[in-house]
Amino acid sequence: MEANHHQEISNTMRRTCLVVSCILLAIGCCGGPLVLRLYFVHGGNRIWLTTMLESAGWPISIIPLLLSYIHRRKSKVPSTNLISIKLPTFVSAAIIGFISAIANYTYTFGVAHLPVSTSSLIAASQLTFTAFFAFVIVKQKFTPYSINAVVLLTLGTAVLALHAGSDRPEGESNRLYILGFLLTFVSAALSGLMMPLIELTYKKAKQAITPSLVMEIQIVISFFATAFCIVGMIVNNDIKVIPREAKEYQLGEAKYYVVLVFSAIMWQFFLLGIIGIVFCSSALVSGITASALLPITEVLAVIVFHDKFQAEKGVALVLSLWGFCSHFYGEIKHSKKESEVQETEICPTPNAVL
């Protein structure tokens, strides 16, 4: 009876964590690219600075971590420590942090030279890489529905590649546009690698994986990614240029810093959401959820920045939506099948009892 009650609490907490993670991911996935593009559209041009902002919001996570610690202390949980992460997990998170920094840099370069709608569609191809690396690294099992989703998203990206350059922003050179396209694709590959690596870190950790530990891992990842980018900023003289760029910013100096702060917050929500979903489910589900938010980002980009929406983007979007629906339909069927199996095991038939 107590074991079942404990399991019920655990499942409830996991579902709550999943819902919160999805909300954070939705805010970050839709808001992050828009705020980042807002910076570039109105006169910003520092790639390392904006890359750093994609991980610099990690101090935000210290607040819920402290609250969790206080709650555990009041509940008199045995062996309550403020920091629970062990060295092997710490090292794994640090390595993922460096990979994250490179992925963020290549993505930021793409956003600087591509419309948000285009960069978002290319970024959706990360699901293909997530699926591949999840199969290789964590032995992810596939269903016909998830395979169909991966194929459709890959086709969507291929359609965009065939018509690359047709939506090049005014004044953007062809060379920088193509380079931005390619680097965004590289970013999608690195992002696809990161999620299975995070899942592998959870599986290999020689300690209980708790929400507090998940936040600690996220802080370590973001800290090392930020440190890597600060070195890039120093080498590129970004720190010295910031005050001058703020004064010349088209929206005004005060709004320049507001844009930077909101960018950091949005991307931190994105990372918290990604890591939370991997913890509650899997790397593949995390990648699919991020990709499923693509239509919202697309619509917002067209409304806010008046991005062109040519036929090839429409085809890519339809293929993406088709892929999302295919996967989620498969997930629903799989969940129903598992529920039926569990009910059969808990309540055996009379013949089985006899």
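These values consider heavy atoms only, across backbone and side chains, with no hydrogens, waters or symmetry-generated copies. For clarity, every value in this text was computed on a predicted model and none was experimentally measured.
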With side-chain contact (heavy atoms from CB on, under 4.5 Å) as the test, would you mind laying out the steps for M233 and I242 before giving the verdict? CA-CA 10 Å; M233 288 177 63; I242 290 174; 4.2 Å; yes
Evaluate I137 against L193 for side-chain contact (heavy atoms from CB on, under 4.5 Å), listing each step before the verdict. CA-CA 9 Å; I137 296 173; L193 171 63; 3.8 Å; yes
Where do W322 and N148 land on the side-chain contact (heavy atoms from CB on, under 4.5 Å) test, with the steps shown first? CA-CA 9 Å; W322 184 3; N148 186 46; 4.2 Å; yes
Should T226 and W58 be marked as a side-chain contact (heavy atoms from CB on, under 4.5 Å) after you check the CA-CA gap, both sets of side-chain angles, and the distance that decides it? CA-CA 9 Å; T226 303; W58 60 267; 3.7 Å; yes
Go through it in stages, so that I can follow the logic: the residues are F109 and F181, the test is ring-ring contact (aromatic ring centres under 6.0 Å, His included), and I'd like the CA-CA distance, side-chain angles, deciding distance and then a yes or no. CA-CA 9 Å; F109 190 95; F181 192 101; over 10 Å; no
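Considering only heavy atoms from C-beta on, Y39 stays 4.5 Å or farther from S263 through its side chain. The closest side-chain heavy-atom distance from L179 to H113 is not below 4.5 Å. Using a 4.5 Å cut-off on side-chain heavy atoms (C-beta onward), M266 and L34 make no contact. In this structure the side chain of W48 reaches within 4.5 angstrom of the side chain of F228, judged on heavy atoms. Taking 4.5 Å as the limit, every side-chain heavy atom of P64 sits out of range of all side-chain heavy atoms of Y69. Proximity of L271 to S55: side-chain heavy atoms (C-beta onward) are nowhere separated by under 4.5 Å. Taking the side chain as every heavy atom from C-beta outward, L190 and V186 approach each other to under 4.5 Å. With contacts defined as side-chain heavy-atom distances shorter than 4.5 Å, the pair H42/K255 does not qualify.
With hydrogens and angles ignored, the 3.5 Å screen pairs a side-chain donor or acceptor of E216 with a backbone N or O of S84. Listed for the E245 side chain is a donor-acceptor partner under 3.5 Å among the backbone atoms of N45. A donor-acceptor pair is defined here as one N or O able to donate and one able to accept, closer than 3.5 Å; no such pair exists between the side chain of K86 and the backbone of Q207. Formation of a donor-acceptor pair under 3.5 Å by the N104 side chain with backbone atoms of S100 is found in this model. Between the side chain of Q126 and the main chain of S187, no donor-acceptor pair closer than 3.5 Å is present.
How far CD of E54 is from CG of L49: 10.5 Å, rounded to the nearest 0.5 Å. From I63, atom CD1 reaches atom CE of M215 across 11.0 Å, with rounding to the nearest 0.5 Å. Expressed to the nearest 0.5 Å, how far CG of L25 lies from SG of C30 amounts to 8.5 Å. Atom CD1 of residue I99 and atom CD1 of residue I221 lie 9.5 Å apart, to the nearest 0.5 angstrom. Separation of atoms CG (L197) and CZ (F133) is listed at 8.5 Å; rounding is to 0.5 Å. Distance check: I85 CD1 to S92 OG gives 8.5 Å after rounding to the nearest 0.5 Å.
In the hydrophobic clustering of ILVMFWY residues, with side-chain heavy atoms under 4.5 Å counting as a link, V136 and I198 come out together. Hydrophobic clustering keeps V231 apart from I239 (ILVMFWY residues linked when any side-chain heavy atoms are closer than 4.5 Å, directly or through intermediates). Under the 4.5 Å side-chain heavy-atom criterion for Ile, Leu, Val, Met, Phe, Trp and Tyr, V241 and L251 are members of distinct hydrophobic clusters. When the side chains of ILVMFWY residues are joined at heavy-atom separations under 4.5 Å, either directly or via intervening members, I96 and I209 end up in a single hydrophobic cluster. Note on L272 and V261: same hydrophobic cluster, where clusters join Ile, Leu, Val, Met, Phe, Trp and Tyr whose side-chain heavy atoms are under 4.5 Å apart, directly or indirectly.
Between I219 and S61, the shortest heavy-atom contact is CG1-CB, 3.8 Å. What you find for V111 and R37 is that their closest heavy atoms are O-NH1, 2.8 Å. The two residues C22 and I277 have their closest heavy-atom pair at SG-CD1, 4.0 Å. Shown here for I47 and T51, the closest heavy-atom pair between the two residues is O-OG1, 2.7 Å. The two residues Y257 and A246 make their nearest non-hydrogen contact at OH-CB, 3.6 Å. Minimum heavy-atom separation, S212 to S68: OG-OG, 2.7 Å.
Applying the 6.0 Å contact sphere to CD1 of I83 captures no more than 12 heavy atoms from other residues, nucleotides or ligands. More than 12 heavy atoms of other residues, nucleotides or ligands sit less than 6.0 Å from atom CZ of F129. Taking a 6.0 Å sphere around CZ of F132, one finds it holds 12 or fewer heavy atoms contributed by other residues, nucleotides or ligands. Atom CZ of F135 is surrounded by 12 or fewer heavy atoms from other residues, nucleotides or ligands within 6.0 Å. Atom CZ of F40 has more than 12 heavy atoms from other residues, nucleotides or ligands within 6.0 Å.
Side-chain polar atoms of Y256 and Q250 form no donor-acceptor pair below 3.5 angstrom. Inspection of the T50 and T108 side chains reveals no N or O donor paired with an N or O acceptor under 3.5 Å.
The aromatic rings of F98 and F224 sit perpendicular, their planes meeting at an angle over 60°, well past the 30° parallel limit.
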